[in-house]
Amino acid sequence: QVQPVESGGGLVQPGGSLRLSCALSGSIFSINTWAWYRQTPGTQREFVAAGVSGGATNYADSVKGRFTISRDVAANTVHLQMNNLKPEDTAVYYCTGTYRKQVGSRPATFWGQGTQVTVSG
């Protein structure tokens, strides 16, 4: 299983922006589905956003209009652009999804290690 590398988290003031990245290393053919979840201590992991290769996207109501999920096909990387951040967005963010190692192969699942986003002012 591929272990993606997450980056882009950090500390930001309310109203600020961050861009998270989730890069799959190694030789793979494509990312087929992708999503972001977030979690705070003592809470269930919360769905944030998702996309599929057909172009459809889905967002949690709490982030609609503020977050944008995308995929860089050439770089095998998933992004989450987060604008107008609020203190309640503070969490560890995890990327996940499915990928193919080569054409015609069965899809496999990936999970990122998590990156901390802290919104505080």
Side-chain angles (χ1 to χ4, degrees):
Q1 185 175 5
V2 172
Q3 177 64 56
V5 177
E6 295 189 32
S7 61
L11 175 64
V12 66
Q13 302 257 320
S17 297
L18 287 172
R19 181 176 171 85
L20 305 184
S21 297
C22 174
L24 273 65
S25 62
S27 181
I28 67 170
F29 175 71
S30 64
I31 298 171
N32 306 110
T33 66
W34 50 97
W36 290 90
Y37 287 76
R38 64 189 183 188
Q39 188 170 26
T40 57
T43 68
Q44 296 287 336
R45 187 170 293 179
E46 176 190 20
F47 170 78
V48 176
V52 297
S53 59
T57 57
N58 189 35
Y59 297 91
D61 288 341
S62 60
V63 307
K64 283 182 179 176
R66 300 189 297 118
F67 291 11
T68 303
I69 190 170
S70 63
R71 174 190 60 161
D72 185 328
V73 176
N76 286 323
T77 300
V78 179
H79 298 285
L80 184 68
Q81 179 67 47
M82 305 184 294
N83 297 327
N84 192 25
L85 284 161
K86 304 175 180 180
E88 51 263 44
D89 295 318
T90 296
V92 176
Y93 284 71
Y94 299 89
C95 64
T96 187
T98 58
Y99 68 94
R100 288 188 173 93
K101 294 181 179 179
Q102 58 184 322
V103 176
S105 67
R106 297 182 183 276
T109 300
F110 67 87
W111 275 97
Q113 82 283 359
T115 185
Q116 177 71 47
V117 171
T118 303
V119 185
S120 179

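We use all heavy atoms of the structure for the numbers below, so side chains are in, but hydrogens, waters and symmetry mates are not.
Nearest heavy atom pair, residue Ser17 against residue Asn84, reads OG-N, 4.2 Å. Scanning both residues, Ser30 and Asn76, for their nearest heavy atoms gives CA-OD1, 4.3 Å. Of all heavy-atom pairs spanning Val117 and Gly9, the tightest one is CG2-CA, 4.2 Å.
Just one of Thr96, Leu24, Thr77, Val78 meets the side chain to side chain contact (heavy atoms under 4.5 Å, CB included) condition when paired with Trp34; it is Val78. Considering Met82, Lys86, Gln81 in turn, Lys86 is the only one that fulfils the side chain to side chain contact (heavy atoms under 4.5 Å, CB included) rule with Arg66.
Relative ring orientation between Phe47 and Tyr37 is described as perpendicular, the plane-to-plane angle rising above 60° on a 0-90° scale split at 30° and 60°.
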**OP:** Would you check, one step at a time, whether the test side-chain contact (heavy atoms from CB on, under 4.5 Å) holds for Gln116 with Thr90?
**Re:** CA-CA 8 Å; Gln116 177 71 47; Thr90 296; 4.0 Å; yes
**OP:** Decide side-chain contact (heavy atoms from CB on, under 4.5 Å) for Asp89 and Arg38; before the verdict, give the C-alpha distance in whole Å, the side-chain angles of both, and the deciding distance to 0.1 Å.
**Re:** CA-CA 9 Å; Asp89 295 318; Arg38 64 189 183 188; 3.0 Å; yes
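Taking OG1 of Thr68 as the start and NE2 of His79 as the end, the distance is 12.5 Å to the nearest 0.5 Å. Residue Glu6 holds its CD atom at 5.0 Å from CD of Gln113, rounded to the nearest 0.5 Å. Put simply, CZ on Arg45 and OG1 on Thr43 are 10.0 Å apart, with the number rounded to the nearest 0.5 Å. Taken from OG1 in Thr57 to NZ in Lys64, the straight-line distance is 9.5 Å, to the nearest 0.5 Å. For the atom pair Tyr94 OH and Leu20 CG, the distance stands at 13.0 Å (nearest 0.5 Å). In this structure, Arg19 CZ and Ser7 OG are separated by 10.0 Å, a value rounded to the nearest 0.5 Å.
A donor-acceptor distance shorter than 3.5 angstrom exists from the side chain of Arg100 to the backbone of Ser105, with no hydrogens or angles considered. Under the 3.5 Å distance criterion, the side-chain polar atoms of Arg71 are matched with a main-chain donor or acceptor of Ile31. Using modelled atom types, one side-chain atom of Tyr59 and one backbone atom of Ile69 make a donor-acceptor pair closer than 3.5 Å.
Hydrophobic clustering places Val2 together with Trp36 (ILVMFWY residues linked when any side-chain heavy atoms are closer than 4.5 Å, directly or through intermediates). In this structure, Trp111 is a member of the same hydrophobic cluster as Val92, with clusters built from ILVMFWY side-chain heavy atoms closer than 4.5 Å. When the side chains of ILVMFWY residues are joined at heavy-atom separations under 4.5 Å, either directly or via intervening members, Val12 and Val48 end up in a single hydrophobic cluster.
Heavy-atom contacts from other residues, nucleotides or ligands closer than 6.0 Å to CD of Glu88 number more than 12.
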